[in-house]
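Right, one structure below, let's go through it.
Fair warning: this is a prediction, and the values are worked out from it, not measured in the lab.
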Amino acid sequence: MKWKFSELQGRVQAGTGHKVTYEEISQETGLANQTIANLSTGRAKRLDLSTMERLLDFFSERLGERLTTDDLLEYRP
């Protein structure tokens with residue numbers, strides 16, 4: 001699995017000119033900074049469904065489009 005978290009951060013920045021910080025994501029989603037850092041750097045080994053929902057809601061709102069799990073994860077056999 002490949003996390004596409006950094007790509008979503010980049011899409012928000014490209015679309016809005018605003019760089020999304022870990023702190024902003026943490027405040028908006030209630031997720032720990034370390035969880036966000038692990039996702040962003042690809043070190044996370046698992047993701048709870050509630051965490052995925054929070055992140056998808058956060059990025060969907062920022063991008064103005066409804067995102068799916070395919071926007072957050074990519075399966076690579």
**Asked** W3 and N38: side-chain contact (heavy atoms from CB on, under 4.5 Å), yes or no, with the steps?
**Response** CA-CA 10 Å; W3 300 106; N38 287 342; over 6 Å; no

**Request:** Could you please spell out the steps behind the side-chain contact (heavy atoms from CB on, under 4.5 Å) verdict for T41 and F5?
**Result:** CA-CA 8 Å; T41 60; F5 190 84; over 6 Å; no

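At a threshold of 4.5 Å between non-hydrogen side-chain atoms, the residues M52 and L73 count as touching. In this structure the side chain of E24 reaches within 4.5 angstrom of the side chain of F58, judged on heavy atoms. Put simply, the side chain of L8 reaches to within 4.5 Å of the side chain of L63, judged on heavy atoms. By the 4.5 Å heavy-atom criterion applied to side chains, I25 and L55 are counted as neighbours. Side-chain atoms of V12 and F59, non-hydrogen and from C-beta on, do get closer than 4.5 Å to each other. Two residues are said to be in side-chain contact when any heavy atoms from C-beta on lie closer than 4.5 Å; R66 and E61 fail this criterion.
A donor atom on one side chain and an acceptor atom on the other are found under 3.5 Å apart for S40 and Q9.
Between D57 atom CG and R62 atom CZ the span is 10.5 Å, to the nearest 0.5 Å. Rounding to the nearest 0.5 Å gives a distance of 7.5 Å between OG1 of T51 and CG of L39. Atoms CG and OG1, from D71 and T68 in turn, are 4.5 Å apart once rounded to the nearest 0.5 Å. Between atom CG of residue L67 and atom CG of residue L72 there is a gap of 8.5 Å, rounded to the nearest 0.5 Å. Distance CD/Q13 to CZ/R11: 14.0 Å, rounded to 0.5 Å.
Without hydrogens or angle criteria, S60 side chain to L56 main chain gives a donor-acceptor distance under 3.5 Å.
Under the side-chain hydrogen bond (donor to acceptor under 3.5 Å, both in side chains) criterion, Q27 pairs with E23, not counting sequence neighbours.
Within a 6.0 Å sphere centred on NZ of K19, heavy atoms belonging to other residues, nucleotides or ligands number 12 at most.
R54 and L31 get closest at one heavy-atom pair: NH1-CD2, 3.5 Å.
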